[in-house]
There are 2 protein chains.
Amino acid sequence: MTQQRKVILEEVRKMHTHPTADEVYEAVRKRLPKVSLGTVYRNLDILSKEGYIRKIDQAYPQMRFDSNTEDHYHVVCMVCGRVDDIPFEPPKDELDELEKRIIQVSKYTILGHNLEFLGLCPVCRKSRGDSLEEKIKEINS
Amino acid sequence: MTQQRKVILEEVRKMHTHPTADEVYEAVRKRLPKVSLGTVYRNLDILSKEGYIRKIDQAYPQMRFDSNTEDHYHVVCMVCGRVDDIPFEPPKDELDELEKRIIQVSKYTILGHNLEFLGLCPVCRKSRGDSLEEKIKEINS
DNA sequence: ATAACTGCAAACGTTTTGCCAGCAT
DNA sequence: ATGCTGGCAAAACGTTTGCAGTTAT
């Protein structure tokens, strides 16, 4: 845990705004003016792999498009990025209920939601016979 | 609806793989060899604004970081990108139930899920006194 | 001595934009 | 004529990487 890493973690912990890398960089720079953006990215990555922080929504490195405009959910393969539909009806009642509670508490206007499941597609699950644990390590590397 | 736009839409409708822009470009190029990637992006954008297709997960243009590594959900402001925590327990039973059904049907190995609510934060909701409908238009422009 | 790490700058991949020409209203 | 659209190329954006020097064991 270097000085830079320590400061980066401290700053992320201080910020309750779910900062972007750039926002972290700006905050860290006030304490370590010579720090580079590369170092911030590198350490945010390390810190998230070590479980100190979490990346929010890294599921889609690229934008994807869907000609089905109905409400439905997806499973995303964390290895190959493949996206499949989930052939279930959304649990609409539960989600509507949640949306109502959010509106009451947070003062947000809620316009919709995303629910996606992350995992391994059948192909990636089987490839090279690796164990599930090794797969998960691979995803996090 | 130009020829290019029509072909792009047809190809997205043919592909049930939730293609990336590049994959659409490759497919369209087989029919319109001179089409440019810029045109594909422009038209995918237009088609999604007109409701013919959907972009999957456009919530986070940038990666964000969270020092709270516990399972919890977020609301994302579609105008300013602000992310807030939802102060509710996840509806764990329903989601576990859903995960089980997905495993049965899709053969995916499910490792987790994202559930996020999209809307307008209190600040953006109020700014300039616009109506909600105008706000939504603004988001889609 | 060795390994991990930094700052810096360049590279990268995806997406957006500016420009000018062409097409449709 | 006017405005939307296309192709092309360049720019922009967020992120990653190579390198040479530094720091900490």
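What you see is a predicted model, and the numbers here were worked out from it, not measured in a lab. Chain letters run A, B, ... following the sequence lines, proteins first and then strands; every chain starts at 1.
In this view, B:E23 satisfies the salt bridge (Lys or Arg N to Asp or Glu O under 4.0 Å) rule with no residue, not counting sequence neighbours. For A:Y108, there are no ring pair (Phe, Tyr, Trp, His ring centres under 6.0 Å) partners, not counting sequence neighbours. For A:H72, the ring pair (Phe, Tyr, Trp, His ring centres under 6.0 Å) criterion is met by A:H74, not counting sequence neighbours. Every residue two or more places apart in sequence or in another chain that forms a salt bridge (Lys or Arg N to Asp or Glu O under 4.0 Å) with B:K14 is listed here: B:E11.
Going from atom CG of A:L47 over to atom C1' of C:dC5 covers 13 Å, rounded to whole Å. The CD-P distance, from B:E50 to D:dT5, rounds to 8 Å in whole Å. The CZ-P distance, from A:R5 to C:dT6, rounds to 6 Å in whole Å. In this structure, OH of B:Y60 is placed 19 Å from C1' of D:dT15, rounded to the nearest angstrom. Taking atom CE of B:M1 as the reference point, atom P of D:dG6 lies 11 Å away to the nearest angstrom. Rounded to an integer number of Å, the gap from B:R31 CZ to D:dG6 C1' is 17 Å.
Of the N and O atoms on the side chains of A:R64 and B:T20, not one donor lies less than 3.5 Å from an acceptor on the other residue.
Here the side chain of A:D66 pairs a donor or acceptor atom with the backbone of A:N68 at under 3.5 angstrom.
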Output a table of nitrogen or oxygen pairs between the protein and nucleotides 20-25 of chain D separated by less than 3.5 Å.
none

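Relative to the ring axis of B:F88, A:R101 places its NZ or CZ within 45° and under 6.0 Å from the centre.
Between B:V75 and B:V83, every side-chain heavy-atom pair lies at or beyond the 4.5 Å cut-off.
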Fill in the blank from the handout: Each nucleotide of nucleotides 7-18 of chain C classed B (base within 4.0 Å of a protein heavy atom), S (only sugar-phosphate) or -, in 5' to 3' order, makes BB-----SBB-B

